[in-house]
Amino acid sequence: MTALSYAECSARERLGLLLDEGSFHEWLPPQERVTSPHLAQLGVPSAFDDGVAIGRAALDGRTVFVAAQEGAFMGGGVGEVHGAKLVGLLRRALRERPAAVLLLLDSGGVRLHEANAGLIAVSEVMRAVLDVRDAGIPVIALIGAANGCFGGMGIVARCTDFIVMSDLGRLAMSGPEVIEASHGVEEFDARDRALVWRTTGGKHRWLSGDCDALVEDDVAAFRRAAIAAMDALPTSRPVTVDALETEHALLAHRLSLLDTTVTGDDAQALWTRLGVTQAERVPDLDVDQVVPLRTLAAAPRTVDRLNG
């Protein structure tokens, strides 16, 4: 069977292909024309769904709530309405208790056009994600779309129970262009695609323990990984002080492995120090070759059997 690129699909194409056929029921669809008031005031074109589709569906026969960001509209940027739809989905999950909440993330972060409203919205999404997890409902993030997952949505992703990434996916707080604009091309060349993917891409996030499953750029692979995550997480992972302290210790250890005095001390050097053999070959390896390379020291959140 020929693989269908997850990255090349639109938000609604992903929903149609990832979920059980015909099961997605959208809330606040484009026909409702719930648009951003801020964009209209600025004379900026709006989208009738404000760049995100939310609703109820089935995955492997189990009821899930799902949100899919549309990166083709303003880079998947979060504004007031976009964020409110995400928060509403999560709060409804607290009442109706689906088997899981799936977040198909494709976002460069908060929209500059409505920055304050967007920042508030992202903080509300973070709170809602943690409330849903506290209620025992797993929240699963899927990252493999063209815009990656940056800014506030990068933080939201790390608040979830489980992150699935493709080797084409990208996850970080600040995007490459933002880093270059703030600190200069000498600090980070956003045009260097190899550097960008070494630093923020799925392979790096897998090897450093920042995602829980690494898959090919294939919609069917994302579907299998999401089902496997639901099987492994009948309830959400508890957010405890012990769990946070363990992860902070691992992050401190990772930071200690970096030598900021060495020019070019980037992800490849970190992989070597994490125990990855022949780290220089990683960018050219297939996903099934990269998965076994992760060391236990780099993987605080993993359920490795999902990639078995």
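Keep in mind that this is a model prediction, so the values were computed, not measured.
Here the closest non-hydrogen pair linking Leu105 and Ala157 is CD1-CB, 3.8 Å. Listed here is the closest heavy atom pair of Leu274 and Leu257: CD2-CD1, 3.7 Å. Heavy-atom minimum distance, Ala117 versus His38: CB-NE2, 3.9 Å. Residues Ser10 and Glu70 share a closest heavy-atom pair of CB-OE1, 3.5 Å. The nearest pair of heavy atoms linking Cys159 to Arg133 is O-NH1, 2.8 Å. Summarising the geometry of Leu17 relative to Cys9, their closest heavy-atom pair is CD1-SG, 4.1 Å, with the distance given to 0.1 Å.
Side-chain N or O atoms of Ser107 include one that pairs as donor or acceptor with a backbone N or O of Gly76 at under 3.5 Å. Remark: the backbone N or O of Glu80 is paired with a side-chain donor or acceptor of Glu114 at under 3.5 angstrom. With hydrogens and angles disregarded, a donor-acceptor distance shorter than 3.5 Å links the side chain of Asp161 to the backbone of Arg237.
At a threshold of 4.5 Å between non-hydrogen side-chain atoms, the residues Arg95 and Arg92 count as touching. A heavy-atom distance below 4.5 Å is not found between the side chains of Glu13 and Glu8. When side chains are defined from C-beta on, Trp206 does not count as touching Met165, because their heavy atoms never get closer than 4.5 Å. Put simply, the side chain of Ser236 does not reach to within 4.5 Å of the side chain of Ile137, judged on heavy atoms. Contact annotation: the side chain of Met230 approaches that of Ile140 to within less than 4.5 Å [non-hydrogen atoms, C-beta and beyond]. Taking 4.5 Å as the limit, some side-chain heavy atom of Thr160 sits within range of a side-chain heavy atom of Leu103. Between Arg158 and Ile163 there is a side-chain heavy-atom pair separated by less than 4.5 Å. Contact of the Trp197 side chain with the Pro283 side chain is not registered, since no non-hydrogen atoms from C-beta on lie closer than 4.5 Å.
Note: the hydrophobic cluster containing Val78 also contains Leu119 (ILVMFWY, side chain heavy atoms under 4.5 Å, direct or indirect links). Put simply, Ile155 and Val52 are part of the same group of oily side chains (I, L, V, M, F, W, Y) that touch within less than 4.5 Å, one to the next. If you chain together hydrophobic residues whose side chains sit under 4.5 Å apart, Phe48 and Trp27 never meet in one group. Linking ILVMFWY side-chain heavy atoms closer than 4.5 Å, directly or via other members, places Leu168 and Leu195 in two distinct hydrophobic clusters. Criterion: ILVMFWY side-chain heavy atoms under 4.5 Å apart, direct or through other members. Under it, Leu285 and Leu214 are part of a common hydrophobic cluster.
With sequence neighbours excluded, the residues forming a side chain to side chain contact (heavy atoms under 4.5 Å, CB included) with Thr277 are Leu293, listed by chain and number. Not counting sequence neighbours, the partners of Arg91 by the side chain to side chain contact (heavy atoms under 4.5 Å, CB included) test are Val87. Among residues two or more places apart in sequence or in another chain, the side chain to side chain contact (heavy atoms under 4.5 Å, CB included) test is passed with Val196 by Arg170, Pro176, Phe188, Thr200.
Environment of CD in Glu21: sparse, with no more than 12 heavy atoms of neighbouring residues, nucleotides or ligands closer than 6.0 Å. Within 6.0 Å of atom CG in Asp286, more than 12 heavy atoms from other residues, nucleotides or ligands are found, so the atom counts as buried in its surroundings. Other residues, nucleotides and ligands contribute only 12 or fewer heavy atoms inside 6.0 Å of the CG atom of Leu112.
If you take CG on Asp49 and CG on Leu28, they are separated by 10.0 Å, rounding to the nearest 0.5 Å. His248 NE2 to Leu255 CG: the interatomic distance, rounded to the nearest 0.5 Å, is 13.0 Å. Atom CZ of Arg198 is separated from atom CG of Leu207 by 13.0 Å, given to the nearest 0.5 angstrom. In this structure, His25 NE2 and Leu19 CG are separated by 13.5 Å, a value rounded to the nearest 0.5 Å. Glu180 CD to Glu186 CD: the interatomic distance, rounded to the nearest 0.5 Å, is 9.0 Å. Annotation: the span from Glu26 atom CD to Ile54 atom CD1 amounts to 7.5 Å, rounded to 0.5 Å.
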Practice task
Take Val287 and Val215 through the side-chain contact (heavy atoms from CB on, under 4.5 Å) test and state the conclusion after the steps.
Solution key: CA-CA 6 Å; Val287 165; Val215 300; 5.6 Å; no

Practice task
Any chance you could lay out the side-chain contact (heavy atoms from CB on, under 4.5 Å) test for Arg12 and Phe24, step after step, and finish with the verdict?
Solution key: CA-CA 10 Å; Arg12 284 186 168 75; Phe24 179 61; 5.6 Å; no

Problem - From CA spacing to verdict: side-chain contact (heavy atoms from CB on, under 4.5 Å), Cys211, Leu171 - result: CA-CA 9 Å; Cys211 72; Leu171 170 64; 5.6 Å; no

Handout entry: Residues Leu90, Val101; criterion side-chain contact (heavy atoms from CB on, under 4.5 Å); working and verdict
Key = CA-CA 8 Å; Leu90 292 159; Val101 176; 3.9 Å; yes

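Annotation: cation-pi pair Arg14/Tyr6 present, NZ/CZ under 6.0 Å from the ring centroid and within 45° of its normal.
Note on Arg223 versus Asp20: salt bridge recorded, some NZ/NE/NH1/NH2 to OD/OE distance being below 4.0 Å.
If you run salt bridge (charged side-chain N to carboxylate O under 4.0 Å, His left out) between Asp50 and each of Arg111, Arg33, Lys85, only Arg111 comes through.
Clustering of Ile, Leu, Val, Met, Phe, Trp and Tyr by side-chain heavy atoms under 4.5 Å joins Leu42 with Leu39, Val44, Phe73, Met74.
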For a quick test of your reading: what N or O donor-acceptor pairs under 3.5 Å do the side chains of residues 146-153 make, sequence neighbours left out?
from	atom 1	to	atom 2	distance (Å)
Asn147	ND2	Gly71	O	3.1
Asn147	ND2	Asp106	OD1	3.1

Tabulate below the donor-acceptor pairs under 3.5 Å that side-chain atoms of residues 57-66 make, not counting sequence neighbours, or state none.
from	atom 1	to	atom 2	distance (Å)
Asp60	OD2	Arg62	NH2	3.1
Arg62	NH1	Asp231	OD1	2.9
Arg62	NH2	Asp231	OD1	3.0

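For the 3.5 Å distance criterion, the side chains of Ser208 and Asp210 qualify, holding a donor opposite an acceptor.
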